[in-house]
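Below: the structure, in structure tokens.
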Amino acid sequence: MEKNQIVELEITDLSYEAMGVAHYEGLTIFVNNALPGEIVQAKILKIKKNFAFAKVEKFLQKSSDRMDVPLRQWVQTGLAALAHMKYERQLEFKKQQVVNLLEKVHLNKKVNDCLASPESTAYRNKAQVPVRMVNGQLEVGFFRKHSHDLVPMTDFLTTDKKIDAAVVAVRDILRKFNVPAYDEIKHNGEVRYLEIRRSKANGQLMIVLVCLHKSFNNLDAVVQAIKSLDNVACVILNHNPHKTNVILGEKEYILAGNGEIVDKIGDLSFKISSQSFFQINSLQTPRLYNLAIQKAQLTADDVVIDAYSGIGTIGLSVAKHVKKVLGVEIVRDAVKDAKKNAILNGVNNAEYFEGKAEELMPQWANEGLKTDVIFVDPPRKGLTDTFIKAAVATSPKKIVYISCNPATMIRDLQIFQAAGYDFDCIDPVDMFPQTPHVETIVLLSKLGSK
């Protein structure tokens, strides 16, 4: 096989990244924008020892599950890698991802149907959009898969349409005042990314310019022009001077407004800053939390630990059902925000602490605190062994594990099983329509507890 060779392939499966899987002369070939049941002519793009990557040149037979989307850029960039698949099939694909992971480790557990999102497009309340020069002009868009070639785009499919419009408006303002985009090879230029958040509750917009320097020519004029856009509540410059793929820098400067917007989860309000973790699907989030609360079967006497508590979204949602919530978070600003959000919502039975849960939980247990339920919602890398040991040592009756990465979650579930906790099923929740990503909820119960 050679690069650029055209081959005829039958697509038999989907990879976890939602690429079509085919086999050719003993080689596994991953084909972008292809679905199981399709027969395609494909061009070989890259060849490795045991597999290759290809792109579709021509469809010889199309799947009945295919959606003919007008903008292939969504699939090409990976921004919406499942945009070419009917939504009901996306839900089945996500459920099957979890089933496959369980089978891989020989765990015979039930996987419930994936909970559909109320909105399958335009659901994201935040966008982080690369800014680059293309043919001498500042453009916004996303990088083509496995490259840093920017595909200029103004319709992002999954983001709130008001955010799409704001991205275009800010792009045009930057062009008007001749602000250069960042050049990652030369490490010069100025604007690296636009981060825009929009409150689903009140329409407030937060505009963040991620820049190489703390200031640039015409910055004041740019800020004034951005402020004049509809519903802009704050403008922030995030300073990222490093040669890195990390989007946000450590320091930021509030240029207009107070640096916050307010959004809601259910009937609770939350103040959100530029670096706050806030679930990006505002309408699906209360459904996720309500399902987690329902599975936990909380009582009015329960004491709950909310590990990885962030700005308090889970803990404050739980608080009205229980006696007390103790939130633990390592990020200082998030703890401050959680305390402010407790006051904002009139919640007086939730306390938030800065520190590592694996250090604070044993301390509380030694002080005689009886923990009934622990909620965990860790980052994609999952839980550490130290955390799991500390959680088990606290001896809660139940642990509710919310995960954005089923692979690391299933790894952790096996460790909990060995430590005397077990589960009956996994609930997938579609927080990220049009993408391969899936959120999951698991209730772990201590063996022998009632």
Side-chain angles (χ1 to χ4, degrees), residues 17 32 45-46 48 53 73 76-79 81 124 126-154 156 159 163 166-168 170-197 206-223 226 234-256 259 273-278 280 330-334 378-381 404-405 408 435 437:
E17 289 184 312
N32 200 23
L45 301 178
K46 188 183 294 186
K48 299 289 187 180
F53 292 101
Q73 296 100 308
Q76 289 170 344
T77 60
L79 177 66
R124 288 186 66 100
K126 181 179 86 168
Q128 290 179 317
V129 183
V131 182
R132 295 292 186 269
M133 302 302 288
V134 178
N135 298 325
Q137 178 168 258
L138 183 144
E139 295 282 4
V140 294
F142 276 86
F143 299 123
R144 201 179 305 278
K145 273 186 182 179
H146 311 299
S147 81
H148 269 221
D149 298 329
L150 190 84
V151 179
M153 296 170 63
T154 56
F156 302 104
T159 52
I163 292 179
V167 168
V168 172
V170 175
R171 179 204 66 184
D172 291 347
I173 289 168
L174 295 173
R175 285 178 178 176
K176 177 182 177 182
F177 291 101
N178 298 313
V179 180
Y182 176 64
D183 184 321
E184 60 190 321
I185 296 173
K186 297 178 181 177
H187 194 54
N188 63 14
E190 202 50 70
V191 182
R192 306 171 69 132
Y193 288 87
L194 298 181
E195 175 177 296
I196 300 183
R197 293 180 183 251
M206 172 189 291
I207 312 290
V208 182
L209 306 175
V210 183
C211 297
L212 184 61
H213 302 102
K214 297 178 185 178
S215 186
F216 55 82
N217 290 338
N218 295 321
L219 175 59
D220 290 343
V222 167
V223 172
I226 293 174
C234 58
V235 183
I236 297 165
L237 188 149
N238 178 276
H239 180 214
N240 186 351
H242 304 296
K243 199 164 188 177
T244 175
N245 289 329
V246 175
I247 294 176
L248 296 176
E250 294 177 5
K251 292 192 176 180
E252 63 182 31
Y253 303 90
I254 297 171
L255 307 177
S273 57
S274 69
Q275 301 207 31
S276 295
F277 172 76
F278 191 75
I280 55 90
I330 199 168
V331 180
R332 179 173 298 175
D333 287 345
R380 289 189 62 79
K381 63 184 179 182
C404 59
N405 185 348
T408 55
T435 80
H437 303 297

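Because the structure is a prediction, the values reported are computed rather than measured. These numbers come from the heavy atoms of this one structure, side chains and all, not from hydrogens, waters or symmetry mates.
The side-chain heavy atoms of Leu255 and Val222, taken from C-beta on, include no pair separated by under 4.5 Å. Between Lys214 and Lys251 the shortest side-chain heavy-atom distance does not fall below 4.5 Å. Residues Phe143 and Leu150 meet the side-chain proximity criterion, which asks for heavy atoms closer than 4.5 Å. Residues His148 and Asn245 meet the side-chain proximity criterion, which asks for heavy atoms closer than 4.5 Å. The closest side-chain heavy-atom distance from Val140 to Val170 is not below 4.5 Å. Using a 4.5 Å heavy-atom cutoff, the side chains of Phe156 and Ile163 are not in contact. Side-chain contact between Ile207 and Leu194 is absent, with no heavy atoms from C-beta onward closer than 4.5 Å. Taking 4.5 Å as the limit, some side-chain heavy atom of Leu248 sits within range of a side-chain heavy atom of Glu195.
Asn240 places a side-chain N or O within donor-acceptor distance of the main-chain N or O of His242, the cut-off being under 3.5 Å. Looking at Thr408, its side chain does come within 3.5 Å of a backbone N or O of Arg380 through a donor-acceptor pair. Using a distance-only test at 3.5 Å, with no hydrogens or angles considered, a donor-acceptor pair links the side chain of Arg132 to the main chain of Arg192. One N or O on the side chain of Asn238 and one on the backbone of Gly249 form a donor-acceptor pair closer than 3.5 Å. Between the side chain of Ser276 and the backbone N or O of Phe278 there is no donor-acceptor pair closer than 3.5 Å. Under the 3.5 Å distance criterion, the side-chain polar atoms of His187 are matched with a main-chain donor or acceptor of Pro241. Distance alone, capped at 3.5 Å, places no donor-acceptor pair between the Asn218 side chain and the Asn178 backbone.
Residue-environment remark: CG (Asp172) exceeds the threshold of 12 foreign heavy atoms within 6.0 Å. Summarising the local packing, CD of Gln128 is surrounded by more than 12 heavy atoms from other residues, nucleotides or ligands at distances under 6.0 Å.
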Point to revise | CA sep, side-chain torsions, deciding dist, call: Thr154, Arg171, side chain to side chain contact (heavy atoms under 4.5 Å, CB included) | key: CA-CA 10 Å; Thr154 56; Arg171 179 204 66 184; 3.5 Å; yes

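Of all heavy-atom pairs between Gly259 and Cys234, the closest is N-CB, 3.7 Å. What you find for Ser274 and Val208 is that their closest heavy atoms are CB-CG2, 3.9 Å. The minimum heavy-atom distance linking Val223 with Ala256 is given by the pair CG1-CB, 4.3 Å. Between Pro378 and Cys404, the shortest heavy-atom contact is O-SG, 4.3 Å. Here the shortest heavy-atom pairing between Thr159 and Ala127 reads CG2-CB, 3.9 Å. Residues Gly189 and Leu212 approach most closely at O-CD2, 3.6 Å, considering heavy atoms.
In this structure, the separation between CG on Asn188 and OH on Tyr182 is 8.5 Å, given to the nearest 0.5 Å. Here the straight-line distance linking atom CG of Leu209 with atom CZ of Phe216 works out to 5.5 Å at 0.5 Å rounding. Note: Asp183 CG to Met133 CE = 9.5 Å, rounded to the nearest 0.5 Å. Interatomic distance, NE2 of His239 versus OG of Ser215, reported as 10.0 Å (0.5 Å rounding). To the nearest 0.5 Å, the span separating CZ on Arg124 from CD1 on Ile280 amounts to 4.5 Å. Expressed to the nearest 0.5 Å, how far CD of Glu190 lies from CG of Leu138 amounts to 11.0 Å.
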